[in-house]
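Here is the naming used below: chain letters follow the sequence lines, and residue numbers restart at 1 for every chain.
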Amino acid sequence: MNAVEIEEAISELAEQEFDAQAFPYAFLEAFGNKATTIQRLKSGATNKSDLDGVLQTNNIHIKVCPVGEVTQTLIALKESPATARAKAKFVLSTDGVDFEAEDLTSGENVACPFTEFPDHFGFFLPLAGITTVQQIRENAFDIRATSKLNKLYVELLKDNPDWGTSARRPEMNHFMARLIFCFFAEDTDIFDGSGLFTNTIDQMSERDGSNTAAIISEIFRAMNTKSSDRVAGNFRNWADKFPYVNGGLFSGSTEVPNFSKIARSYLIHIGNLDWKRINPDIFGSMIQAVADDDERGALGMHYTSVPNILKVLNPLFLDDLREKLEEAGDNSRKLLNLRNRMARIRVFDPACGSGNFLVIAYKEMRAIEAEINRRRGEPDRRTDIPLTNFRGIELRDFPAEIARLALIIAEFQCDVLYRGQKEALAEFLPLDAMNWITCGNALRLDWLSICPPTGTGVKLHSDDLLETPLDQAQIDFENEGGETYICGNPPYLGYNKQSSSQKADLEAIFSSKTKNWRSLDYISGWFGKFIEISHYGFDAAFVATNSVCQGEHAAILWSIIFNSGTSIFFAVPDFRWANNASNNAVVTVSVIGLSAKDDHSRAIYTDDLKRNVSCINQYLIEGAPVPMAAASRSISGLPHMLLGNMPKDGGNLILSSDEAAELRRDFEDAEQYLYGFFGSQELINGTLRYCLWIGDEDVEIARSIPPIAQRLAGVANMRLASPAKSTRDFADRPHRFKQIQGTATQYTIAVPSVSSERREFLPVDLLSSTNIVSSLAFALYDAPLWNLALIASRLHLVWVATVCGKLETRYRYSNTLGWNTFPLPTLTDKNRTDLTRCAEDILLAREAHFPATIADLYDPEHMPEDLRAAHDRSDEVLERIYIGRRFRNDTERMEKLFELYTQMSSAAPINKTTSQKKA
DNA sequence: AATCCGACATACC
DNA sequence: GGTATGTCGGATT
């Protein structure tokens, strides 16, 4: 269960009539305990209570007591020996009227009327095994609100199916944004009288919901009518109490979806939450999940992103502002300069979603400004940071809507925090914040139209929500001499997952720059758009899938970026962008800071440590950019390495060892078609699989074996169903692998394509010729054994780890990127003999530990000494060939390899006869 | 004709 | 239910 589901369950429990017998079990059920667990507690089998309550080991001791005895019962629970024995984390007592609980770990208490205990649901989340408790508890309100809004949203769409169509979704979303504003306004005195909105609906509308829409619509009309027009508007007294808000939010249609009785009661429930506590940092990303069918599964799961967002904003510009604040000390003049500078900083997020980068940037800047004003003795001063300097582009209309709202709310909350409630209210209405969140495709829009270079005018862009034209003079003034920081977390989408319109977006940006634009990740588009304008002096930092700094991207994308005169001024390499909850997208990302200024200081951040460097290359390591390119032949004249054989068979040509044994047992003749099948898994973990390998001339005989015939039919079916024409066309040869790359006559040196980055050496192994290498490994067929020593070397691992692609942070081997580009000095005969011996020694050392697998042998914690020694000797021999001694460290290894690569790749001596020669 | 990638996928404790 | 670590086949060149 996720946090939202738990919230729903306990809210429901609190609303039901109190049942003293059932409550403890219902409570545990609400926190995700399975029916069987509950049953065993009920039967007494696992109930450890010594007080006639319910005590679940390692969790909670609950007791329902007679009315009026809640407090003494809680004390009894705390002092009960059974509570300690069962290591309970919580004690809880209730009489159905009052409710008390204590977290025995932290000593925190909850005491409230029974009906309000769901307000404290965050308190109990450890019961559900949710780990990021701190964040969830801080954001408990946002989760509750999201949960309830989601219920209302779904209910409204059920009653108003036409509002769910793509044509009316924007209207529906706009309506939800208005509601959220009203909830916030009525709890923060923005409306005159607390609960004005909810109470008005409650009092004025029929209980069956019939006229709810009309009432809300009338309120919205009032909020779009200036006080001077109120008389002409002919408002009823109850509607006239609502202030003029506008700011784009309440302009346009006042149509409201129809409310059923249920929808009306949901609405009133939501209104009764305390919306003051809304956290605009994360509320936006939570609430957008409400409107997004694909994201609903992740509802309430966006609670750990703030520290990640600061990994972008701090190095981009906030750290610098804080440094300047530090330097200014109490110097009034310097403080003023800093404030003036901040007033002209624009933050632009061209993939802003619900605006959390903008909101966090805004709040951080307000905090710095508040400190300036405090030191200057102007604590009440109105902010100099205009909300209009926080701009964004978002494709989906609901997040765009929420982003506007989140910024408005953030501004109000900052005013309350730094200046006081009264000052905040005085200037809040009507909303004058212009709409700087543009709904549209960031890869198609002209970024300069939203964020013009400083000192030039602003080109207005169309926006249906923007009614009054902007005050041109004001905006121009704000831009004068200002800085612009572009940031965000744009969408990532691998090249073979993009839609045709996304392909077209990339084509428009990159087709004039590279013929390989089709291989780029979708996020590359944001880099491409940025380098078109980086020369205006804008700096940018994006969080991106770490793939853009690996493998093919390192060659295709980065040559374009570096050639544009843009370079990397900071990087936060490889960390997980995760929300520590189930159901949630996890991906490894890097933050990349880009600038066309060459006088930038540069730094790489790892584990929150900053390391200043002179230059950062496309792999996000210190050093000059490297002109890497995939190669189809080894630049060092090494033997030709091939990808293994790819079945494209839907699993039909592959047999587990059990399946193979069964087939052999039932059909003796099947043996001749069964071959060992080796991919990464088999090579590393020693598991055995087999494949059917049938020559064209044997098909008919093979088909006479029924299970084989059945499998071939399965292959044909799978291939026919494929969206790829080339695969469908191969359905008429189901006995054949789709891609047959090669087999050995003597033996094969095989390298897994994906393997764990924890190992200190690449897991290369030797196979006999009776085995087939799958496309999950690479193969050197019948090549001299010294090649195995190369692949097993530290030098080669470091090279592959740097220049090949990766799967997250796993090593991903590649012939074109890793093997063919590997720079190796010309070997003498003696070198070859020595390396052959080294390879043999490594294999012998492994054999001494038979039947340990590669995974066992190369476990970094338990690597056998003799094997490590064999590798060490091998590395010694190889490294002497490069520089006459051992390398001091991996940095020195990479420097040498890049240096050699740069020399050799331009010459690229490729001699087909020697490179293909076999042992 | 041959290969690189995955806002991943899944088997494991 | 986190952590550890590698499948599979489409879209590409």
Nucleotide nearest [X] (side chain, heavy atoms from C-beta), chosen from [options]:
{"X": "A:Asn496", "options": "B:dG6, C:dA11, B:dA7", "value": "C:dA11"}
{"X": "A:Leu776", "options": "B:dG6, C:dT7, C:dA11", "value": "C:dT7"}
{"X": "A:Lys648", "options": "C:dG6, C:dG10, B:dC5", "value": "C:dG10"}
{"X": "A:Tyr495", "options": "C:dT13, C:dG10, C:dT5", "value": "C:dG10"}
{"X": "A:Arg759", "options": "C:dG10, B:dA7, C:dG6", "value": "C:dG6"}
{"X": "A:Ser519", "options": "B:dA7, C:dT12, B:dG6", "value": "C:dT12"}
{"X": "A:Arg758", "options": "B:dT3, C:dT5, C:dG9", "value": "C:dT5"}
{"X": "A:Lys503", "options": "B:dC5, C:dT12, B:dA7", "value": "C:dT12"}
{"X": "A:Asn516", "options": "B:dG6, C:dG10, C:dT13", "value": "C:dT13"}
{"X": "A:Met646", "options": "C:dG9, C:dT7, C:dA11", "value": "C:dG9"}

Under 4.0 angstrom, heavy atoms only, what part of the nucleic acid is [X] near: base, sugar-phosphate, or nothing?
{"X": "A:Arg689", "answer": "sugar-phosphate"}
{"X": "A:Pro491", "answer": "base"}
{"X": "A:Thr588", "answer": "nothing"}
{"X": "A:Lys738", "answer": "nothing"}
{"X": "A:Ser774", "answer": "nothing"}
{"X": "A:Pro490", "answer": "base"}

Quiz item: Between A:Tyr901 and A:Trp799, what is the ring plane arrangement, given parallel below 30°, perpendicular above 60°, and tilted in between?
Solution: tilted
Quiz item: Relative to each other, are the rings of A:Trp526 and A:Tyr522 parallel, tilted or perpendicular (30° and 60° limits)?
Solution: perpendicular
Distance check needed: [N] [atom2] versus [X] [atom1], whole Å only.
{"X": "A:Arg736", "N": "B:dA1", "atom1": "CZ", "atom2": "C1'", "value": "13 Å"}
{"X": "A:Asn652", "N": "C:dT7", "atom1": "CG", "atom2": "P", "value": "18 Å"}
{"X": "A:Leu683", "N": "C:dG6", "atom1": "CG", "atom2": "C1'", "value": "12 Å"}
{"X": "A:Trp577", "N": "B:dC8", "atom1": "CH2", "atom2": "P", "value": "14 Å"}
{"X": "A:Gln681", "N": "C:dT5", "atom1": "CD", "atom2": "C1'", "value": "9 Å"}
{"X": "A:Glu552", "N": "C:dG10", "atom1": "CD", "atom2": "C1'", "value": "14 Å"}
{"X": "A:Lys515", "N": "C:dA11", "atom1": "NZ", "atom2": "P", "value": "21 Å"}
{"X": "A:Asp649", "N": "C:dG10", "atom1": "CG", "atom2": "P", "value": "11 Å"}

Please determine if a side-chain N or O atom of [X] lies less than 4.0 Å away from the OP1 or OP2 oxygen of [N].
{"X": "A:Asn815", "N": "B:dA2", "result": "no"}
{"X": "A:Ser726", "N": "C:dA11", "result": "no"}
{"X": "A:Asn685", "N": "C:dG6", "result": "yes"}
{"X": "A:Lys497", "N": "B:dA7", "result": "yes"}
{"X": "A:Ser756", "N": "C:dT5", "result": "yes"}
{"X": "A:Ser753", "N": "C:dG6", "result": "no"}

Self-check item: Contact check, side chains of A:Cys691 and A:Phe737, non-hydrogen atoms, under 4.5 Å
Solution: yes
So, [X] and [Y]: side-chain donor and acceptor under 3.5 Å apart, yes or no?
{"X": "A:Asn546", "Y": "A:Thr588", "value": "no"}
{"X": "A:Thr853", "Y": "A:Asp856", "value": "yes"}
{"X": "A:His796", "Y": "A:Tyr813", "value": "yes"}
{"X": "A:Asp696", "Y": "A:His735", "value": "yes"}

Quiz item: Under a 3.5 Å cutoff on both atom distances, Watson-Crick or G-U, what's the dot-bracket for DNA chain C ([ ] crossing, | other strand)?
Solution: ||||||.||||||
Practice problem: Considering only atom C1', compute the distance from C:dT13 to B:dA7 and round it to an integer number of Å. | Solution: 26 Å
Could you tell me the separation between the [atom1] atom of [X] and the [atom2] atom of [Y], rounded to the nearest 0.5 Å?
{"X": "A:Leu766", "Y": "A:Asn771", "atom1": "CG", "atom2": "CG", "result": "10.5 Å"}
{"X": "A:Asp732", "Y": "A:Leu720", "atom1": "CG", "atom2": "CG", "result": "9.0 Å"}
{"X": "A:Gln498", "Y": "A:Leu520", "atom1": "CD", "atom2": "CG", "result": "8.0 Å"}

Exercise. By nearest nucleotide on DNA chain C, pick out whichever of A:Ser680 and A:Gln739 is the more 5' one.
Key: A:Ser680
Quiz prompt | A:Glu507 atom CD: more than 12 heavy-atom contacts under 6.0 Å | solution = yes
Quiz item: Can the positive tip of A:Lys311 be found less than 6.0 Å from the middle of the six-membered ring of A:Phe575, inside 45° of the ring normal?
Solution: yes
Self-check item: Residue-level proximity of residues 800-810 of chain A to DNA chain B when a heavy atom falls under 4.0 Å
Solution: A:Gly805, A:Lys806, A:Leu807, A:Glu808, A:Arg810
Quiz item: Which residue lies toward the 5' end of DNA chain B, A:Val754 or A:Leu643, if each is placed at its nearest nucleotide?
Solution: A:Leu643
Exercise. Report the residue (A:Val589 or A:Gln741) whose heavy-atom-nearest nucleotide on DNA chain B is the more 5′ of the two.
Key: A:Gln741
Quiz item: Has the side chain of A:Asn489 got a donor or acceptor that lies under 3.5 Å from a partner of the other kind on the base of B:dA7?
Solution: yes
Practice problem: Tell me whether the centres of the aromatic rings in A:Phe527 and A:His553 are closer together than 6.0 Å. | Solution: no
